[in-house]
Amino acid sequence: MQQEEQFELVKENLLGHVRGLFAEIEEEVARSHEEKYALLEDAVNNASDIDELRVAFEQWYSDHTGEIDFGYEIDEIWDAVVNAEV
């Protein structure tokens, strides 16, 4: 019985530890996304018309596309925004 109790304890510790690691990863990803979003806000706040807005977005997207996968190409996102699909 002792070995079974130890097994259950180790199993629960393992699951709890991995859950904690996932939580840390999720927090880091959320923090990273917030930082990238803040950079986008800064970029678009400096635009004065739609053309500058698109340039700002394209530059931001280009800078971060390797880190964020939206699952859409830049033109798809822009078209959705312009056509108010988002």
Side-chain angles (χ1 to χ4, degrees):
M1 190 67 155
Q2 178 68 16
Q3 191 172 2
E4 186 175 318
E5 289 174 1
Q6 184 177 7
F7 168 78
E8 289 299 322
L9 178 63
V10 171
K11 182 173 82 173
E12 290 303 314
N13 287 345
L14 173 63
L15 292 172
H17 186 73
V18 171
R19 182 177 299 274
L21 293 173
F22 281 144
E24 288 177 21
I25 291 168
E26 289 173 3
E27 289 175 18
E28 182 61 34
V29 168
R31 189 173 19 262
S32 174
H33 287 174
E34 286 297 321
E35 291 169 359
K36 286 172 184 55
Y37 184 80
L39 292 171
L40 176 60
E41 282 183 317
D42 289 344
V44 301
N45 284 336
N46 292 325
S48 61
D49 61 32
I50 291 176
D51 291 334
E52 287 183 9
L53 190 62
R54 181 166 185 154
V55 169
F57 173 64
E58 287 175 345
Q59 182 61 51
W60 175 86
Y61 187 90
S62 174
D63 290 347
H64 302 286
T65 192
E67 304 160 24
I68 301 173
D69 180 13
F70 289 115
Y72 298 95
E73 296 296 321
I74 190 168
D75 291 332
E76 292 175 298
I77 296 170
W78 183 256
D79 290 344
V81 170
V82 170
N83 296 316
E85 294 174 12
V86 175

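Because the structure is a prediction, the values reported are computed rather than measured.
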message: Below 30° counts as parallel, above 60° as perpendicular, anything between as tilted: where do the rings of W60 and F57 land?
response: parallel
message: Using side-chain heavy atoms (C-beta onward) and a distance below 4.5 Å, is Y61 in contact with W78?
response: no
task: Say whether V44 and V82 are linked into one hydrophobic cluster, either directly or through other cluster members, by side-chain heavy-atom distances under 4.5 angstrom.
output: yes
statement: All heavy atoms of A56 vs all of A43, minimum pair found to be CB-O, 3.6 Å
- prompt: Are I68 and I25 in one and the same hydrophobic cluster, where Ile, Leu, Val, Met, Phe, Trp and Tyr link if side-chain heavy atoms are under 4.5 Å apart?
  reply: no
task: Answer yes or no: is there an ion pair linking R31 with E34, defined by an N-O contact shorter than 4.0 Å?
output: no
- prompt: With a 4.5 Å limit on heavy-atom distance, are the side chains of E5 and Q2 in contact?
  reply: yes
field: Y72 backbone acceptor or donor facing E76 side chain under 3.5 Å
entry: no
query: Same hydrophobic cluster for I74 and F70, using side-chain heavy-atom links shorter than 4.5 Å among ILVMFWY?
result: yes
message: Between E67 (side chain only) and H64 (backbone N and O only), is there a donor and an acceptor less than 3.5 Å apart?
response: no
- prompt: Any chance CD of E58 has more than 12 other-residue heavy atoms, nucleotides or ligands included, within less than 6.0 Å?
  reply: yes
field: Inter-residue atom distance E12.CD - R19.CZ, 0.5 Å rounding
entry: 10.0 Å
field: Flag if over 12 foreign heavy atoms under 6.0 Å of CD1, I50
entry: no
- prompt: What's the shortest heavy-atom distance between D75 and R54, and which atoms?
  reply: OD1-NH2, 2.8 Å
task: With rounding to the nearest 0.5 Å, note down the distance linking OG1 in T65 to CD in E73.
output: 7.5 Å
message: Would you say F22 ends up clustered with V29 if hydrophobic residues are merged whenever their side chains have heavy atoms under 4.5 Å apart, either directly or through other cluster members?
response: yes
message: A side-chain contact here means heavy atoms from C-beta on lying under 4.5 Å apart; do H33 and Y37 qualify?
response: no
